[in-house]
Amino acid sequence: MKVSKINIFFRKIGEAQIRWRWLCLAVLFVVTVVCISGMRKFRSESNNQDWIVNGSDIQINSDHFKEIFGNDEYVLVLVQAEDVFAHDVLSMINTLGDKLESQVPFADKVTSLTTVSIPIGNDGGLEVKSPFDDGIPSDSEELSQIKSFIMSRESIVNNLVSDDAKETWVILKLHPFNNESEDVVTVGHAAEKVIMSEEFQSAEWTLKPIGSAYTTAEKMDTVGHDFSIRIMLGFLTMLICLIIFVRSFRGVIVPFIATMFGIGSVLGFTALLNIPADSDVMSLPVLLGMALSIGYALHYINSFKLHFRRTGKRKESVICAVEESGWPVLFTVITTVVSLLSFMFACIRPMVWLGAVSAAVVFMVYVYVVVLIPIFMSFGKDKVSQQAFSVKVTRADKIFEKTGVRIVKKSPIVAIISFAVIVA
């Protein structure tokens, strides 16, 4: 069969790679060092506002709120007790409010049962004061009178305190942030340290913190922990798959190195450009890079092993592998990259980051694989060709051959079962 022009083109690329393999490795090494150096500046962030499309009603209302009040982020604590007007509970609420104001960055003021101001009519008109301006009374009768007074205010009941007096809010208003994506996490961690401290733990009440600042910080901690576990499991799975399907030292190590350098180069380069990673979706391009690295490497390695068993000539087998696998793998990369770049049209920052970085990871993993696999496979001695190659096939080849034969023989049944599964 006549070799197509595109295969001839890739054959020339393979020949050039082998001829200039040390130069290729040197260039790739320099690119890797420059990109990886950016990991010193690497940072990730998460901001709920990033998921809101600019120009949407939510964004417009949020911007309008910030123009008037300065910040739409709050730290809130839901206090639950048998009676939130009990002396110990009120004392805790008052202390908690003071600690939040003094220890949380960007804290403005706290609104709670102990600080709420209520207008009171008198002979001169209206007087605005807090029922606890003089402190929290220890006398139960006086507390009962204050409770009755507060619960008589419709604007407070079921807003600041529930109508059964078993739940109440402690609300910390915040000053405007300097850098919202970073400051919101700092505020959340500081608030968490205060709220979850031993001082505020008791069987008499339950504290349930909420608010964007708190939940964002909590999410960052959880996502970071889960990210580490998933990436470690991903690399372990990748190694196991390579060991099972490749069964050679170089065939396992080189794709593993290509994956780490490909992903690291992209993340490092984005850090050099001062583009923070999005912690919510950061695991997706990493896992995608792992999976595709295995696929790309297997095409080249299997093609090389096929020709090497036949001819015993190492360098010629490498060139043939590039000739046969170069275009199919490149076509797969192009279609994958283009589909991922379509994410950038979503106009949502995490989706833009995900599309751009995933596409870059796919491309860089491909570059590392197609450069390193042929070059590293070209090192070594030639072997005696296996004349009886058609007999000495691998166990995997035999399994796939038998599977294919059975599918062809029972194709109607396979088609019916497949259709039934799809419908189900």
Side-chain angles (χ1 to χ4, degrees), residues 6-7 10-11 13-14 17-18 21 24 28 231 233-265 284-337 339-340 358-359 361-380 383 386 389 392-404 407:
I6 197 163
N7 284 359
F10 278 98
R11 181 178 180 85
I13 291 179
Q17 278 185 262
I18 302 305
R21 54 188 180 182
C24 292
L28 194 62
I231 296 306
L233 289 175
F235 273 113
L236 179 62
T237 304
M238 176 184 173
L239 282 174
I240 293 173
C241 290
L242 287 171
I243 291 171
I244 292 174
F245 293 112
V246 178
R247 300 183 302 280
S248 73
F249 180 75
R250 273 183 286 192
V252 172
I253 295 300
V254 177
F256 187 76
I257 294 174
T259 302
M260 290 193 299
F261 284 167
I263 296 170
S265 296
L284 295 177
V286 176
L287 295 175
L288 182 63
M290 293 181 193
L292 294 179
S293 176
I294 297 175
Y296 300 155
L298 284 177
H299 279 83
Y300 275 83
I301 293 171
N302 287 339
S303 182
F304 164 76
K305 291 169 71 174
L306 175 69
H307 289 284
F308 193 47
R309 285 199 299 266
R310 284 177 176 172
T311 65
K313 297 178 180 179
R314 182 174 292 275
K315 292 182 180 179
E316 178 62 26
S317 298
V318 168
I319 294 172
C320 290
V322 175
E323 178 184 355
E324 289 185 357
S325 303
W327 172 239
V329 173
L330 177 59
F331 185 79
T332 303
V333 172
I334 293 172
T335 55
T336 306
V337 167
S339 61
L340 289 170
S358 296
V361 166
V362 170
F363 179 74
M364 286 305 296
V365 165
Y366 164 76
V367 170
Y368 277 95
V369 167
V370 299
V371 172
L372 295 180
I373 290 288
I375 290 177
F376 276 89
M377 288 298 176
S378 69
F379 289 106
K383 293 183 179 180
Q386 298 179 10
F389 173 75
K392 293 184 178 180
V393 293
T394 64
R395 185 179 301 174
D397 292 334
K398 293 178 180 179
I399 292 174
F400 282 113
E401 182 182 7
K402 289 180 180 179
T403 303
I407 291 175

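FYI, side chains are in, hydrogens and waters are out, and symmetry mates aren't considered; it's all heavy atoms of this structure.
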S.K.: Do you know which two heavy atoms are closest between M238 and I294, and how far apart they sit?
M.R.: CG-CD1, 3.6 Å

S.K.: Take I319 and I18 through the test side-chain contact (heavy atoms from CB on, under 4.5 Å) and record every step on the way to the result.
M.R.: CA-CA 8 Å; I319 294 172; I18 302 305; 4.2 Å; yes

S.K.: Roughly how far, to the nearest 0.5 Å, is the CD atom of E316 from the OG1 atom of T311?
M.R.: 7.0 Å

S.K.: For the residue pair I301 and M377, what are the closest heavy atoms and their distance?
M.R.: CG1-CE, 3.9 Å

S.K.: Would you mind listing every side chain to side chain donor-acceptor pair (under 3.5 Å) that reaches into residues 363-373, with sequence neighbours excluded?
M.R.: T32-Y368, S265-Y368

S.K.: Give me the atom names and distance for the closest heavy-atom approach of A258 to V369.
M.R.: CB-CG2, 3.9 Å

S.K.: List for me each residue that meets ring-ring contact (aromatic ring centres under 6.0 Å, His included) alongside F256, sequence neighbours excluded, and say none if there are none.
M.R.: F235

S.K.: Are the side chain of S293 and the backbone of V365 linked by a donor-acceptor contact shorter than 3.5 Å?
M.R.: no

S.K.: Mind checking the CG-NZ spacing from L298 to K305? Nearest 0.5 Å is all I need.
M.R.: 9.0 Å

S.K.: So, using side chain to side chain contact (heavy atoms under 4.5 Å, CB included) as the criterion, who are the partners of A321 when residues are at least two apart?
M.R.: S303, F304

S.K.: Evaluate side-chain contact (heavy atoms from CB on, under 4.5 Å) for L288 paired with L284, printing each intermediate quantity in order.
M.R.: CA-CA 6 Å; L288 182 63; L284 295 177; over 6 Å; no

S.K.: Quick one: pull up CD1 in I263 and CE in M364 and give me the separation to the nearest 0.5 Å.
M.R.: 11.5 Å

S.K.: How close do Y300 and V329 get, heavy atom to heavy atom, and via which atoms?
M.R.: CE1-CG2, 4.0 Å

S.K.: With rounding to the nearest 0.5 angstrom, report the NE2 to CD1 distance, H299 to I373.
M.R.: 13.0 Å

S.K.: Are the side chains of V254 and I375 in touch, meaning some heavy atoms are under 4.5 Å apart?
M.R.: no

S.K.: After noting the C-alpha distance and the side-chain angles of L28 and L372, does the key distance pass the side-chain contact (heavy atoms from CB on, under 4.5 Å) rule?
M.R.: CA-CA 9 Å; L28 194 62; L372 295 180; 3.7 Å; yes

S.K.: Roughly how far, to the nearest 0.5 Å, is OG1 of T259 from OH of Y296?
M.R.: 11.0 Å

S.K.: How long is the span from the NE2 atom in H307 to the CG atom in N302, to the nearest 0.5 Å?
M.R.: 11.0 Å

S.K.: Below 4.5 Å, heavy atoms only, C-beta onward: do V322 and V370 meet side chain to side chain?
M.R.: no

S.K.: Quick test of your reading: applying side chain to side chain donor-acceptor pair (under 3.5 Å), list the pairs with at least one residue in residues 370-380, sequence neighbours left out, ordered by first then second residue.
M.R.: R21-S378

S.K.: With sequence neighbours excluded, what pairs up with R314 under the salt bridge (charged side-chain N to carboxylate O under 4.0 Å, His left out) test?
M.R.: none

S.K.: Restricting to side chain to side chain contact (heavy atoms under 4.5 Å, CB included), what partner residues turn up for T335, sequence neighbours left out?
M.R.: F331

S.K.: What residues form a side chain to side chain contact (heavy atoms under 4.5 Å, CB included) with S339, not counting sequence neighbours?
M.R.: none

S.K.: Looking at residues at least two apart in the chain, or sitting in another chain, which of them share a side chain to side chain contact (heavy atoms under 4.5 Å, CB included) with V252?
M.R.: L239, L242, I243

S.K.: Among all residues two or more places apart in sequence or in another chain, which pass the side chain to side chain donor-acceptor pair (under 3.5 Å) test with S358?
M.R.: none

S.K.: List in chain and number order the residues that pass salt bridge (charged side-chain N to carboxylate O under 4.0 Å, His left out) with E324, two or more places apart in sequence or in another chain; answer none if no residue qualifies.
M.R.: none

